[in-house]
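See below for the structure under consideration.
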Amino acid sequence: MKLSEISDRIEKARAGANIWENVKLLAVSKNVDTNAVENLFSQGQIDFGENRVQELKRKCEILVDLPLKWHFIGTLQKNKINQLITLKPVLWQSCNSFELAVAVDKRLDYRLDTLLEINVANEDSKSGISADEAIDTYRKIKAECKNLNLVGVMSIGAHSDDLKEIIKSFELTYKIFENLQKSGAAICSMGMSADFETAIKCGSNMVRLGRILYA
(Lines give C-alpha, C1' and ligand atoms only; values in the text may rest on other atoms or scores of the structure.)
Protein backbone atom coordinates (compact mmCIF):
# COMPACT_ATOMS: atom_id res chain seq x y z
CA MET A 1 0.00 0.00 0.00
CA LYS A 2 1.30 3.47 -0.83
CA LEU A 3 2.55 5.62 2.03
CA SER A 4 0.15 8.38 1.01
CA GLU A 5 -2.83 6.04 1.42
CA ILE A 6 -1.70 5.02 4.91
CA SER A 7 -1.10 8.66 5.82
CA ASP A 8 -4.64 9.51 4.71
CA ARG A 9 -6.06 6.76 6.92
CA ILE A 10 -4.01 7.97 9.88
CA GLU A 11 -5.19 11.54 9.32
CA LYS A 12 -8.82 10.48 9.03
CA ALA A 13 -8.62 8.53 12.31
CA ARG A 14 -6.79 11.42 14.00
CA ALA A 15 -9.37 13.96 12.86
CA GLY A 16 -12.18 11.71 14.03
CA ALA A 17 -10.64 11.28 17.45
CA ASN A 18 -9.90 15.03 17.79
CA ILE A 19 -7.22 14.41 20.43
CA TRP A 20 -3.92 15.25 18.73
CA GLU A 21 -2.83 17.73 16.08
CA ASN A 22 -0.77 15.02 14.43
CA VAL A 23 0.09 11.33 14.75
CA LYS A 24 3.60 10.11 13.90
CA LEU A 25 4.07 7.09 11.68
CA LEU A 26 6.93 4.74 12.54
CA ALA A 27 7.72 2.34 9.69
CA VAL A 28 8.76 -1.02 11.13
CA SER A 29 11.44 -2.44 8.84
CA LYS A 30 12.29 -5.63 10.73
CA ASN A 31 11.12 -8.01 7.99
CA VAL A 32 12.19 -6.10 4.88
CA ASP A 33 15.46 -5.32 3.11
CA THR A 34 17.13 -1.96 2.70
CA ASN A 35 15.60 -1.48 -0.75
CA ALA A 36 12.16 -1.37 0.89
CA VAL A 37 13.43 1.22 3.37
CA GLU A 38 14.84 3.33 0.55
CA ASN A 39 11.54 3.09 -1.30
CA LEU A 40 9.59 4.43 1.69
CA PHE A 41 12.20 7.13 2.24
CA SER A 42 11.71 8.24 -1.37
CA GLN A 43 8.01 8.71 -0.50
CA GLY A 44 8.88 10.89 2.49
CA GLN A 45 9.18 8.44 5.39
CA ILE A 46 11.98 9.27 7.86
CA ASP A 47 11.29 7.27 11.05
CA PHE A 48 12.03 3.53 10.99
CA GLY A 49 12.02 0.88 13.72
CA GLU A 50 13.95 -2.34 14.24
CA ASN A 51 13.48 -5.01 16.91
CA ARG A 52 16.95 -6.61 16.79
CA VAL A 53 20.12 -4.69 17.56
CA GLN A 54 22.22 -6.55 14.99
CA GLU A 55 19.76 -5.83 12.19
CA LEU A 56 19.51 -2.21 13.27
CA LYS A 57 23.29 -1.96 13.06
CA ARG A 58 23.34 -3.57 9.61
CA LYS A 59 20.74 -1.25 8.17
CA CYS A 60 22.31 1.82 9.79
CA GLU A 61 25.62 0.99 8.13
CA ILE A 62 24.15 0.31 4.68
CA LEU A 63 21.87 3.37 4.74
CA VAL A 64 24.29 5.71 6.50
CA ASP A 65 23.97 8.35 3.78
CA LEU A 66 20.20 8.72 4.28
CA PRO A 67 18.92 11.09 7.02
CA LEU A 68 16.85 8.38 8.73
CA LYS A 69 15.67 8.39 12.33
CA TRP A 70 16.02 4.92 13.84
CA HIS A 71 13.92 3.62 16.75
CA PHE A 72 14.59 0.43 18.68
CA ILE A 73 11.33 -1.40 19.39
CA GLY A 74 12.37 -4.91 20.44
CA THR A 75 13.27 -6.62 23.69
CA LEU A 76 16.79 -5.49 24.58
CA GLN A 77 19.11 -8.25 25.77
CA LYS A 78 21.67 -7.11 28.31
CA ASN A 79 24.56 -8.34 26.17
CA LYS A 80 23.39 -5.98 23.39
CA ILE A 81 23.20 -2.82 25.51
CA ASN A 82 26.62 -1.46 24.55
CA GLN A 83 25.96 -2.00 20.85
CA LEU A 84 22.59 -0.26 20.99
CA ILE A 85 24.07 2.70 22.84
CA THR A 86 26.73 3.05 20.16
CA LEU A 87 24.03 3.22 17.47
CA LYS A 88 22.31 6.15 19.24
CA PRO A 89 18.69 5.52 18.25
CA VAL A 90 16.43 8.56 18.40
CA LEU A 91 14.03 6.61 20.61
CA TRP A 92 14.24 3.40 22.63
CA GLN A 93 10.59 2.32 22.69
CA SER A 94 10.86 -0.85 24.71
CA CYS A 95 12.21 -0.26 28.20
CA ASN A 96 10.37 -3.09 29.95
CA SER A 97 11.70 -3.10 33.53
CA PHE A 98 13.35 -0.91 36.13
CA GLU A 99 16.31 -3.30 36.24
CA LEU A 100 16.92 -2.94 32.50
CA ALA A 101 16.57 0.83 32.77
CA VAL A 102 19.30 0.92 35.42
CA ALA A 103 21.59 -1.32 33.36
CA VAL A 104 21.27 0.92 30.30
CA ASP A 105 21.51 4.14 32.30
CA LYS A 106 24.84 3.10 33.85
CA ARG A 107 26.46 2.69 30.43
CA LEU A 108 25.11 5.79 28.74
CA ASP A 109 27.22 8.90 28.24
CA TYR A 110 24.35 10.84 26.62
CA ARG A 111 20.62 11.30 27.20
CA LEU A 112 18.57 8.62 25.46
CA ASP A 113 14.90 9.33 24.76
CA THR A 114 12.95 6.33 26.03
CA LEU A 115 9.43 4.92 26.30
CA LEU A 116 8.24 2.60 29.05
CA GLU A 117 6.70 -0.55 27.59
CA ILE A 118 3.48 -1.56 29.35
CA ASN A 119 1.87 -4.99 29.14
CA VAL A 120 -1.66 -3.68 29.57
CA ALA A 121 -3.31 -6.90 28.42
CA ASN A 122 -1.27 -8.90 30.96
CA GLU A 123 -0.37 -11.49 28.33
CA ASP A 124 2.48 -13.93 28.88
CA SER A 125 3.54 -13.59 25.25
CA LYS A 126 4.29 -9.88 25.71
CA SER A 127 7.00 -8.14 27.68
CA GLY A 128 6.50 -4.94 29.63
CA ILE A 129 5.57 -3.51 33.00
CA SER A 130 2.17 -4.47 34.36
CA ALA A 131 -0.47 -1.75 34.24
CA ASP A 132 -0.63 -1.71 38.05
CA GLU A 133 3.10 -0.97 38.34
CA ALA A 134 3.53 1.31 35.34
CA ILE A 135 3.06 4.71 36.96
CA ASP A 136 5.32 4.02 39.93
CA THR A 137 7.98 2.42 37.72
CA TYR A 138 7.92 5.34 35.30
CA ARG A 139 8.42 7.83 38.11
CA LYS A 140 11.16 5.72 39.70
CA ILE A 141 13.11 5.50 36.43
CA LYS A 142 12.60 9.22 35.92
CA ALA A 143 14.03 9.95 39.36
CA GLU A 144 16.93 7.47 39.41
CA CYS A 145 18.09 7.07 35.79
CA LYS A 146 19.39 10.48 34.79
CA ASN A 147 20.68 9.40 31.38
CA LEU A 148 17.33 7.96 30.33
CA ASN A 149 14.96 10.67 29.18
CA LEU A 150 11.55 9.07 29.63
CA VAL A 151 9.18 10.75 27.20
CA GLY A 152 6.16 8.46 27.19
CA VAL A 153 4.77 4.94 27.01
CA MET A 154 4.38 2.12 24.52
CA SER A 155 2.02 -0.85 24.43
CA ILE A 156 0.74 -3.56 22.12
CA GLY A 157 -3.01 -4.04 21.92
CA ALA A 158 -4.66 -7.13 23.35
CA HIS A 159 -4.22 -10.22 21.16
CA SER A 160 -7.91 -10.86 20.68
CA ASP A 161 -10.62 -11.12 18.04
CA ASP A 162 -12.86 -9.14 20.37
CA LEU A 163 -12.63 -5.46 19.42
CA LYS A 164 -13.87 -4.48 22.87
CA GLU A 165 -10.85 -6.17 24.47
CA ILE A 166 -8.48 -4.40 22.10
CA ILE A 167 -10.11 -1.04 22.82
CA LYS A 168 -9.96 -1.74 26.55
CA SER A 169 -6.19 -2.33 26.37
CA PHE A 170 -5.62 0.89 24.41
CA GLU A 171 -7.83 2.91 26.71
CA LEU A 172 -5.94 1.64 29.75
CA THR A 173 -2.64 2.62 28.16
CA TYR A 174 -3.96 6.08 27.42
CA LYS A 175 -5.26 6.47 30.98
CA ILE A 176 -1.79 5.64 32.31
CA PHE A 177 -0.27 8.05 29.79
CA GLU A 178 -2.59 10.85 30.92
CA ASN A 179 -1.51 10.23 34.51
CA LEU A 180 2.13 10.54 33.47
CA GLN A 181 1.87 13.70 31.39
CA LYS A 182 2.73 15.78 34.43
CA SER A 183 5.87 13.62 34.71
CA GLY A 184 6.96 14.49 31.18
CA ALA A 185 5.12 11.90 29.08
CA ALA A 186 4.45 13.24 25.59
CA ILE A 187 4.38 10.10 23.42
CA CYS A 188 1.70 7.40 23.56
CA SER A 189 2.94 4.77 21.11
CA MET A 190 0.31 2.13 20.35
CA GLY A 191 -1.27 0.61 17.29
CA MET A 192 0.11 -1.65 14.56
CA SER A 193 -1.00 -2.68 11.07
CA ALA A 194 -4.18 -4.47 12.16
CA ASP A 195 -5.42 -1.97 14.74
CA PHE A 196 -3.76 1.42 14.23
CA GLU A 197 -6.98 3.32 13.49
CA THR A 198 -8.57 1.96 16.65
CA ALA A 199 -5.45 2.90 18.62
CA ILE A 200 -5.52 6.47 17.30
CA LYS A 201 -9.19 6.82 18.27
CA CYS A 202 -8.18 5.68 21.77
CA GLY A 203 -5.43 8.29 22.08
CA SER A 204 -2.29 7.05 20.30
CA ASN A 205 -0.03 9.73 18.81
CA MET A 206 2.50 7.29 17.35
CA VAL A 207 1.71 4.13 15.38
CA ARG A 208 4.16 1.36 14.48
CA LEU A 209 3.28 -0.06 11.07
CA GLY A 210 5.06 -2.86 9.24
CA ARG A 211 3.20 -5.36 7.06
CA ILE A 212 0.64 -2.92 5.69
CA LEU A 213 3.34 -0.58 4.35
CA TYR A 214 4.93 -3.25 2.20
CA ALA A 215 1.83 -5.04 0.92
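- The CD atom of Gln77 sits 11.0 Å away from atom CD of Gln83, with the distance rounded to the nearest 0.5 Å.
- Thr137 places no side-chain N or O within 3.5 Å of a backbone atom of Ala134 that could act as its donor or acceptor partner.
- Minimum heavy-atom separation, Ile46 to Pro67: CG2-O, 3.5 Å.
- Val90 and Phe72 are not part of a single hydrophobic cluster, where members link through side-chain heavy atoms under 4.5 Å apart.
- Separation of atoms CG (Leu116) and NZ (Lys142) is listed at 11.5 Å; rounding is to 0.5 Å.
- Listed for the Glu165 side chain is no donor-acceptor partner under 3.5 Å among the backbone atoms of Ala158.
- Cluster annotation: Leu100 and Ile156 are assigned to distinct hydrophobic clusters (Ile/Leu/Val/Met/Phe/Trp/Tyr, side-chain heavy-atom contacts under 4.5 Å, transitive).
- Residues Ile129 and Asn96 share a closest heavy-atom pair of CD1-O, 3.4 Å.
- For the pair Tyr174 and Cys188, the minimum side-chain heavy-atom distance is below 4.5 Å.
- In this structure, the side chains of Ser169 and Leu172 stay at 4.5 Å or more apart for every pair of heavy atoms.
- Note: the hydrophobic cluster containing Leu40 also contains Leu68 (ILVMFWY, side chain heavy atoms under 4.5 Å, direct or indirect links).
- Nearest heavy atoms, Asn119 versus Ser127: CB-O, 3.7 Å.
- Of all non-hydrogen atoms in Ser29 and Val37, the two that sit nearest each other are CB-CG2, 3.8 Å.
- Across every non-hydrogen atom of Ile81 and Ala103, the tightest pair is CD1-CB, 3.9 Å.
- Counting only residues at least two apart or in different chains, ring pair (Phe, Tyr, Trp, His ring centres under 6.0 Å) contacts with residues 33-56 comprise Phe48-Trp70.
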Donor-acceptor contacts, no H, no angles, side chain residues 144-152, under 3.5 Å, sequence neighbours left out:
from, atom 1, to, atom 2, distance (Å)
Lys146, NZ, Ala143, O, 2.9
Asn147, ND2, Asp105, O, 3.3
Asn147, ND2, Leu108, O, 3.3
Asn149, OD1, Arg111, NH2, 3.1
Asn149, ND2, Asp113, OD1, 2.7

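- For the pair Cys95/Ile141, a side-chain contact is recorded, criterion being any heavy-atom separation below 4.5 Å from C-beta on.
- The list of ring pair (Phe, Tyr, Trp, His ring centres under 6.0 Å) pairs with a residue in residues 115-150, not counting sequence neighbours, is empty.
- Among pairs with a residue in residues 189-204, those fulfilling salt bridge (Lys or Arg N to Asp or Glu O under 4.0 Å) read Arg9-Glu197, at least two apart in sequence or across chains.
- To the nearest 0.5 angstrom, Ser204 atom OG is 7.5 Å from Phe170 atom CZ.
- Around the CG atom of Asp162, the shell of radius 6.0 Å holds more than 12 heavy atoms that belong to other residues, nucleotides or ligands.
- Under the 4.5 Å side-chain criterion, counting only non-hydrogen atoms from C-beta, Ser94 is not in contact with Thr75.
- Rounding to the nearest 0.5 Å gives a distance of 10.0 Å between CE of Met190 and CD1 of Ile118.
- Asn39 places none of its side-chain heavy atoms less than 4.5 Å from the side chain of Asn35.
- Residues in residues 16-34 take part in these salt bridge (Lys or Arg N to Asp or Glu O under 4.0 Å) pairs, two or more places apart or across chains: Lys24-Asp47.
- Residues Ile200 and Leu3 are members of one and the same hydrophobic cluster, defined by side-chain heavy-atom contacts under 4.5 angstrom among Ile, Leu, Val, Met, Phe, Trp and Tyr.
- Using a 4.5 Å cut-off on side-chain heavy atoms (C-beta onward), Asn205 and Ile187 make contact.
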Which donor-acceptor pairs under 3.5 Å do the side chains of residues 10-20 make with protein atoms, sequence neighbours left out?
from, atom 1, to, atom 2, distance (Å)
Glu11, OE1, Arg14, NE, 3.0
Glu11, OE2, Arg14, NE, 3.4
Glu11, OE2, Arg14, NH2, 2.7
Arg14, NH1, Trp20, O, 2.5
Trp20, NE1, Gly203, O, 2.8

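- Thr114 places a side-chain N or O within donor-acceptor distance of the main-chain N or O of Leu112, the cut-off being under 3.5 Å.
- Judged as a salt bridge (Lys or Arg N to Asp or Glu O under 4.0 Å), not a single pair has a partner in residues 168-194 (not counting sequence neighbours).
- A ring pair (Phe, Tyr, Trp, His ring centres under 6.0 Å) check over residues 86-117, counting only residues at least two apart or in different chains, returns nothing.
- For Asn82, the side-chain contact (heavy atoms from CB on, under 4.5 Å) partners two or more places apart in sequence, or in a different chain, are Arg107.
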Result block: side-chain N/O donor-acceptor pairs under 3.5 angstrom for residues 207-215, not counting sequence neighbours:
from, atom 1, to, atom 2, distance (Å)
Arg208, NH1, Ser189, O, 2.9
Arg208, NH1, Ser189, OG, 2.9
Arg208, NH2, Ser155, O, 3.0
Tyr214, OH, Val28, O, 3.1

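- Residues Met154 and Val53 do not share a hydrophobic cluster, clusters being chains of Ile/Leu/Val/Met/Phe/Trp/Tyr side chains in contact below 4.5 Å.
- Taking 4.5 Å as the limit, some side-chain heavy atom of Met206 sits within range of a side-chain heavy atom of His71.
- In this structure, the side-chain contact (heavy atoms from CB on, under 4.5 Å) partners of Asp132, at least two apart in sequence or on a different chain, are Ser130.
- Residue pairs meeting the side-chain hydrogen bond (donor to acceptor under 3.5 Å, both in side chains) criterion with at least one member in residues 57-67, sequence neighbours excluded, are Glu50-Lys59, Glu55-Arg58, Glu55-Lys59, Lys57-Glu61.
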